[in-house]
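All figures in this text were calculated on a predicted structure; none of them were measured in a lab. Note that these values count all heavy atoms, side chains included, but never hydrogens, waters or copies made by symmetry.
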Amino acid sequence: MFFLSCGVKQQQSIVGDNPWKTMQHIIDGVKVPSFRNKTYIITDFGAQNGGIFDNTQAFKKAIQICTENGGGKVLVPSGKYLTGPIHLENNVNLHLEEGAEILFSTNTADYPIVHTSWEGTELMNYSPLIYAYKKNNVAITGKGILNGQANNEKWLWWCGSKIYGWKEGMPSQGDPANRVILVAMAEEGVPVSERVFGEGHYLRPNFIEFFECTNMLLKEVKIINAPFWVIHPIKSTNVTVDGVTVQSHGPNNDGCDPEYSKNVIIKNCTFNTGDDCIAIKSGRDADGRRVAIPSENIIVQNCKMIDGHGGVVMGSEISAGVRNVFVENCVMDSPNLDRAIRLKSNSKRGGLIENVYVRNLDIGQVKESVLIIDMFYNVYGSQSGNFIPRVQNVFLENIKVKDGGKYGILAKGYKEAPIKNVVFKNVKIEKVGKAYSIENVEGLQLIDTYANGALVASPK
């Protein structure tokens with residue numbers, strides 16, 4: 001028996017006749033954090049420059065005093081500062097001066113077990129490198145560098161792949177095996193508090209995670225060498241990511257993954273990643289249906305996507321659904337960028353993706369397609385079940401593409417749940433293998449769309 005539902009209440013669109021006016025309304029409603037004009041310099045709390053001394057306690061003390069006194073700026077001056085995980089508190093702006101670099105420990109013993117999430121399933125695992133849990137009015141700003149120090153000897157080999165340093169004789173119970181164990185726990189309804197992993201389980205921690213937070217800002221910093229997902233707002237509202245550079249090519253190094261989150265603005269950023277540049281999530285399989293919070297009102301503006309599996313992606317951990325996504329004025333270009341816009345799910349995930357609006361993209365080169373809607377996404381073996389995913393209302397307009405790879409549009413839906421209402425308007429693809437390849441798609445419209453110099457008609 002198949003279910004044409006993602007397991008959450010029926011989603012109602014807020015988007016009317018003018019989606020871009022709706023986008024501006026969302027932007028106007030997002031509150032950016034503000035802070036007291038008070039500065040706490042980490043060196044006043046015992047921090048030492050040089051990249052060798054453990055500054056964990058100095059960061060902790062500075063952040064604690066700052067929040068207890070009503071908030072302000074915790075300043076990291078120019079220099080290199082080694083630390084364990086940093087846990088942020090209310091009304092704290094962690095600010096890195098230009099020339100400042102925070103080096104995060106690769107010693108797992110430095111990372112306590114906390115309530116977190118791994119590829120769309122909640123669990124108790126190693127703390128993210130920077131973690132805010134149920135906080136309000138928090139920021140990470142400045143022109144410094146956040147360095148996770150992940151490499152083939154530290155963190156990355158846990159994925160179990162030889163190209164990331166795994167060798168015969170290393171523990172075989174890394175990411176893939178423990179992923180299966182974790183997902184099985186979620187399917188069986190094991191409480192999150194009892195899904196305890198950490199030492200000996202080799203599930204890599206997220207880099208920056210805002211968990212169940214409100215009014216968060218991440219601005220201008222450069223983030224490199226991540227163990228896993230880079231920026232992960234989960235169950236959070238009013239999140240702004242502005243002017244950030246992500247340069248990290250490890251396994252699963254998604255640039256930014258809003259999950260179960262609402263009113264998220266990602267703007268003026270550069271993503272050069274080992275996985276999707278931006279991937280909008282809402283939980284995996286049973287765990288996503290348990291949480292049942294769709295990600296909604298996600299805005300991407302004026303960003304640059306270089307390497308990555310996809311520029312702006314929805315899925316695959318998407319069981320609670322995604323709606324109202326706006327993408328505009330972005331540049332995507334790399335021989336190592338697979339797709340521009342990507343929607344992915346399968347019948348184990350389910351989920352409803354609706355109201356995706358994209359305009360004014362300048363795409364140089366992608367490997368596979370400009371737009372792909374893959375409802376049979378299958379990367380971990382069998383991924384079929386009883387929850388048929390649905391997609392409706394996907395609009396791309398004013399798109400310039402030099403090399404679109406194999407397809408302008410590659411879309412395959414289910415016979416019992418066709419993909420509905422996909423529109424290309426004023427899309428010009430100078431070079432592409434095929435304008436489109438579709439199956440079980442209803443309402444595909446091609447308006448003023450050109451491929452290989454020829455006008456492309458809508459399918460009958």
Side-chain angles (χ1 to χ4, degrees), residues 39-67 72-89 92-114 116 125-132 138-159 164-167 170 198-200 202-209 218 220-231 244-251 253 274:
T39 299
Y40 302 83
I41 306 173
I42 61 168
T43 49
D44 290 343
F45 295 84
Q48 296 183 25
N49 182 10
I52 298 173
F53 180 79
D54 182 357
N55 293 289
T56 303
Q57 291 305 312
F59 276 101
K60 183 177 180 179
K61 290 176 184 176
I63 289 169
Q64 195 62 41
I65 294 296
C66 179
T67 190
K73 181 188 294 183
V74 171
L75 179 66
V76 183
S78 179
K80 293 180 181 291
Y81 300 90
L82 176 68
T83 184
I86 295 173
H87 288 192
L88 298 174
E89 297 290 343
V92 171
N93 174 13
L94 178 66
H95 184 81
L96 286 75
E97 280 188 345
E98 189 168 5
E101 182 173 3
I102 300 178
L103 305 169
F104 288 90
S105 170
T106 58
N107 181 0
T108 59
D110 293 336
Y111 290 81
I113 302 301
V114 301
T116 181
N125 193 35
Y126 293 116
S127 168
L129 280 57
I130 299 181
Y131 184 57
V138 171
I140 306 166
T141 64
K143 296 184 182 298
I145 296 173
L146 302 170
N147 185 350
Q149 299 201 100
N151 56 38
N152 283 13
E153 287 72 44
K154 301 293 184 180
W155 298 124
L156 300 187
W157 68 265
W158 288 14
C159 75
Y164 295 110
W166 184 86
K167 299 177 180 65
M170 284 183 169
E199 191 64 28
Y202 302 96
L203 292 177
R204 292 162 287 148
N206 296 284
F207 201 133
I208 299 172
E209 186 169 83
L218 183 59
E220 293 185 333
V221 293
K222 183 176 183 179
I223 308 168
I224 62 174
N225 304 327
F228 192 61
W229 289 2
V230 181
I231 305 166
V244 171
T245 297
V246 175
Q247 186 172 318
S248 195
H249 281 76
N253 277 187

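Annotation: the span from H249 atom NE2 to N225 atom CG amounts to 11.0 Å, rounded to 0.5 Å. Considering CG of N49 and OG of S78, their distance stands at 7.5 Å, rounded to 0.5 Å. Expressed to the nearest 0.5 Å, how far OG1 of T56 lies from CZ of F104 amounts to 9.5 Å. Rounded to the nearest 0.5 angstrom, W229 CH2 and N253 CG are separated by 12.0 Å. Considering CD1 of I130 and CG of L94, their distance stands at 6.0 Å, rounded to 0.5 Å. Note that CG of D54 is 10.5 Å distant from CD of Q48, once rounded to the nearest 0.5 Å.
Checking S105 against N107 by side-chain atom types alone, no donor-acceptor pair falls below 3.5 Å.
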Trace of the side-chain contact (heavy atoms from CB on, under 4.5 Å) decision for Q149 with K154: CA-CA 8 Å; Q149 299 201 100; K154 301 293 184 180; over 6 Å; no
Step-by-step side-chain contact (heavy atoms from CB on, under 4.5 Å) determination, Q64 to E89: CA-CA 7 Å; Q64 195 62 41; E89 297 290 343; 4.2 Å; yes
Step-by-step side-chain contact (heavy atoms from CB on, under 4.5 Å) determination, E97 to V76: CA-CA 6 Å; E97 280 188 345; V76 183; over 6 Å; no
Worked check of side-chain contact (heavy atoms from CB on, under 4.5 Å) between Y126 and T116: CA-CA 8 Å; Y126 293 116; T116 181; over 6 Å; no
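F53 approaches G46 most closely through the heavy-atom pair CE2-O, 3.6 Å. Considering all non-hydrogen atoms of both residues, L156 and A150 come closest at CD2-CB, 3.8 Å. The minimum heavy-atom distance between P205 and P227, with the atom names listed, is O-CB, 3.7 Å. Residues N125 and L203 approach most closely at ND2-O, 3.0 Å, considering heavy atoms. The heavy-atom pair separating G165 from W157 by the smallest distance is C-CB, 3.6 Å. Smallest separation of non-hydrogen atoms from H95 and T141: ND1-OG1, 2.7 Å.
Side-chain atoms of T108 and E199, non-hydrogen and from C-beta on, do get closer than 4.5 Å to each other. Two residues are said to be in side-chain contact when any heavy atoms from C-beta on lie closer than 4.5 Å; I86 and Y131 fail this criterion. Between C159 and R204, some side-chain heavy-atom pair lies under the 4.5 Å cut-off. Counting heavy atoms from C-beta on, the side chains of I231 and L218 come closer than 4.5 Å.
Screening L146, V221, V230 for a side chain to side chain contact (heavy atoms under 4.5 Å, CB included) with I208, the sole residue that qualifies is L146.
Partners of E220 by side-chain contact (heavy atoms from CB on, under 4.5 Å), not counting sequence neighbours, listed by chain and number: K143. Legend: residues meeting side-chain contact (heavy atoms from CB on, under 4.5 Å) with I41, ordered by chain and number and at least two apart, are T39, T43, D44, L75, P77. With sequence neighbours left out, the ring-ring contact (aromatic ring centres under 6.0 Å, His included) criterion links W155 to Y111, W158.
Within 6.0 Å of CD1 on I52 lie no more than 12 heavy atoms contributed by other residues, nucleotides or ligands.
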